[in-house]
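Take a look at the structure set out below.
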Amino acid sequence: MIKITEKPIDVQKVIDTASSLGAGAVNVFIGTVRNNANGKNVVWLEYEAYETMAVNEIRKIIDDASHRWPLLGWAVSHRIGTLKPGEVSVVVAVASPHRRESFEACQYIIDTLKANAPIWKKEVFEDGEEWVSARPAMAVN
Amino acid sequence: MIKITEKPIDVQKVIDTASSLGAGAVNVFIGTVRNNANGKNVVWLEYEAYETMAVNEIRKIIDDASHRWPLLGWAVSHRIGTLKPGEVSVVVAVASPHRRESFEACQYIIDTLKANAPIWKKEVFEDGEEWVSARPAMAVN
Amino acid sequence: MKYKVKAFGVTKDILGGKEAVVELEGQTVAALRNQLFQKHPALQGLRSLLIAVNNTYAEDNQVISESDEIALIPPVSGG
Amino acid sequence: MKYKVKAFGVTKDILGGKEAVVELEGQTVAALRNQLFQKHPALQGLRSLLIAVNNTYAEDNQVISESDEIALIPPVSGG
């Protein structure tokens, strides 16, 4: 399951989708909105996606991961729209027979998703706003 | 929160306990009962813990992890008693500002828990049963 | 040639909308990017500006046609 | 001396119960383990047999007293 959604992500549902009776391990990464960035209070975040391409790119990442690790199940859900601090922006869940592979595959998927998937976030502070990482001087993360 | 419990583990509750408004990342490891071991069907598992000492040992592991990584929240829940394939035996959840530390700390905690915590499982097959890893010839995992 | 270009994130702000039409002699991704840099110099201030053609990242020498789905991909920041 | 010993996992099966009383001249963890090995040779077939004193793994030369909470820790397999 690859999902780009404006609705709050049901983490348990993502985990259930990835789970498998043959698996001994599920690793789950949950990205959440921090209440601060570069020492400033974050009021909210705006996430935007080029949805069709994002799904494409995430599918490629999953395909790569499936070749590298023995995945028995997986699910990725990414939220878009307006998110407040504490809300879940992304969930990646990966099931495999043993635990090491589940950690490695999950980390590969979220790392590559962050590098490649056409999704953007704008941080809205009390005194302004900024597309994250867009400009050299403002590079964060 | 460190919990050894006979009741089914509420994964979402463990995640919520670990979560923190300052965190951008939560990594969750979920151990589940596999329906097979060494090519044989697993009918059920029996988990047993030396509860007071298990809580002690897990607390030490968490303390070590807290010194090595900037953890903002954590929770560990381990099930005991009779578990069927697909059921959740353990959940470790760790929140940190950035994702890499959440993966590293979570993996350290589950790896060390498996090596040190006085908890045992017996696999019950259709034709017999066996305490996992107890004897050299029967070493599994 | 007239290319329809989708804009996301900071490029949407710079171009002033979700979609723009770019008139251009050339037929490559590089030519399109140069034309956009001329018309919207603020794009040159970005850390990177990739271009996707039909939902896939495109190389600079890739040939584009008017029927392609073309999109500007400023530095991504999902997750 | 008489030491009360808790047994878990496979040691519970070998000792035939959750708790056993071990009579012993010595006062160390190593002496206790040797005595148990004599009385229950099946324990020698385990991959390892650690002993916990008061909820902490004990070294072989650690001195034990009758009031300590002593437990047999066969190879663990939690998770």
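Note on naming: letters A, B, ... go to the chains in the order of the sequence lines (proteins, then strands), and numbering restarts at 1 for each one. The analysis underlying the following values was restricted to heavy atoms, covering all of them including side chains, and did not include hydrogens, waters or symmetry mates.
- In summary, the aromatic rings of B:Trp69 and B:Tyr108 are positioned with their centroids under 6.0 Å apart.
- No other option in B:Asp111, B:Asn36, B:Ile110, B:Val11 has as many heavy-atom pairs under 4.5 Å with chain A as B:Asp111.
- Ranked by heavy-atom pairs under 4.5 Å with chain A, the list B:Pro97, B:Ser20, B:Gly31, B:Ala95 is led by B:Pro97.
- If you tally non-hydrogen atom pairs under 4.5 Å between each of B:Ala23, B:Ala25, B:Pro85 and chain A, the highest count goes to B:Ala23.
- The aromatic rings of B:Phe29 and A:Phe103 sit parallel, their planes meeting at an angle under 30°, below the 60° perpendicular limit.
- Heavy-atom pairs under 4.5 Å with chain B peak, among A:Gly22, A:Gly86, A:Ala93, at A:Gly22.
- Heavy atoms of A:Ser102 lying under 4.5 Å from chain B belong exclusively to its side chain.
- Side-chain N or O atoms of A:Glu101 include one that pairs as donor or acceptor with a backbone N or O of A:His98 at under 3.5 Å.
- A distance-only check finds a donor-acceptor pair linking the side chain of A:Arg79 to the backbone of A:Glu6 [under 3.5 Å].
- Annotation for B:Lys84: atom NZ does not count as buried by contact number, only 12 or fewer foreign heavy atoms lying within 6.0 Å.
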Between A:Asn35 and A:Asn41, is a side-chain hydrogen bond (donor to acceptor under 3.5 Å, both in side chains) present by the stated rule, with each step listed?
CA-CA 6 Å; A:Asn35 59 6; A:Asn41 286 341; over 6 Å; no

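- Neither the backbone nor the side chain of B:Ser89 comes within less than 4.5 Å of any heavy atom of chain A.
- The contact between B:Val33 and chain A is made entirely by backbone atoms, counting heavy-atom distances below 4.5 Å.
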